[in-house]
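All values reported here derive from a predicted model rather than from experimental measurement.
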Amino acid sequence: MPQFNTLPEAFEWFWENVYPHLPSEQKTPALRTAKHAYYKRDENVSEKRMRRILAEHVHFQVKYEVVIKEKNGSE
């Protein structure tokens with residue numbers, strides 16, 4: 001399973017690797033519009049919309065990593 005650092009990276013992977021293999025009936029006008037908006041750089045696709053599209057077509061999960069900052073004695 002591929003892993004990404006950002007939602008847009010995962011979304012782009014979806015367009016390149018999942019979307020082409022979807023059956024025609026799943027390639028709805030709304031999905032085509034989102035793809036066009038995503039690749040047309042002067043339009044934005046919200047994170048909410050990205051998550052909704054991904055949730056409809058793939059299983060994905062968000063992971064957060066927490067690392068404790070080291071204290072530097074020279075501060």
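Between Glu47 atom CD and Arg52 atom CZ the span is 13.0 Å, to the nearest 0.5 Å. Thr33 contributes atom OG1, which lies 11.5 Å from atom NZ of Lys40 (distance to the nearest 0.5 angstrom). Remark: Phe14 CZ to Leu7 CG distance equals 12.0 Å, nearest 0.5 Å. Separating the CZ atom in Arg49 from the CG atom in Asn44 is a distance of 10.5 Å, to the nearest 0.5 Å.
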>> Evaluate Arg51 against Val62 for side-chain contact (heavy atoms from CB on, under 4.5 Å), listing each step before the verdict.
In response: CA-CA 10 Å; Arg51 290 176 195 274; Val62 178; 3.3 Å; yes
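Counting non-hydrogen atoms of other residues, nucleotides and ligands closer than 6.0 Å to CD of Glu65 gives a total of 12 or fewer. Surrounding CD of Glu56 are more than 12 heavy atoms belonging to other residues, nucleotides or ligands, all under 6.0 Å away.
In the hydrophobic clustering of this structure, Tyr64 groups with Phe4; members are Ile, Leu, Val, Met, Phe, Trp, Tyr whose side-chain heavy atoms approach within less than 4.5 Å, directly or through other members.
Nearest heavy atoms, Leu31 versus Gln26: CD2-O, 3.5 Å. Shown here for Val45 and Ala34, the closest heavy-atom pair between the two residues is CG2-O, 3.8 Å.
Contact of the Ser24 side chain with the Lys27 side chain is not registered, since no non-hydrogen atoms from C-beta on lie closer than 4.5 Å.
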Hey, can you pull the donor-acceptor pairs under 3.5 Å for the side chains in residues 15-22, sequence neighbours left out?
residue, atom, partner, partner atom, Å
Asn17, ND2, Trp13, O, 3.0

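Qualifying side chain to side chain donor-acceptor pair (under 3.5 Å) partners for Glu12, counting only residues two or more places apart in sequence or in other chains: Tyr38.
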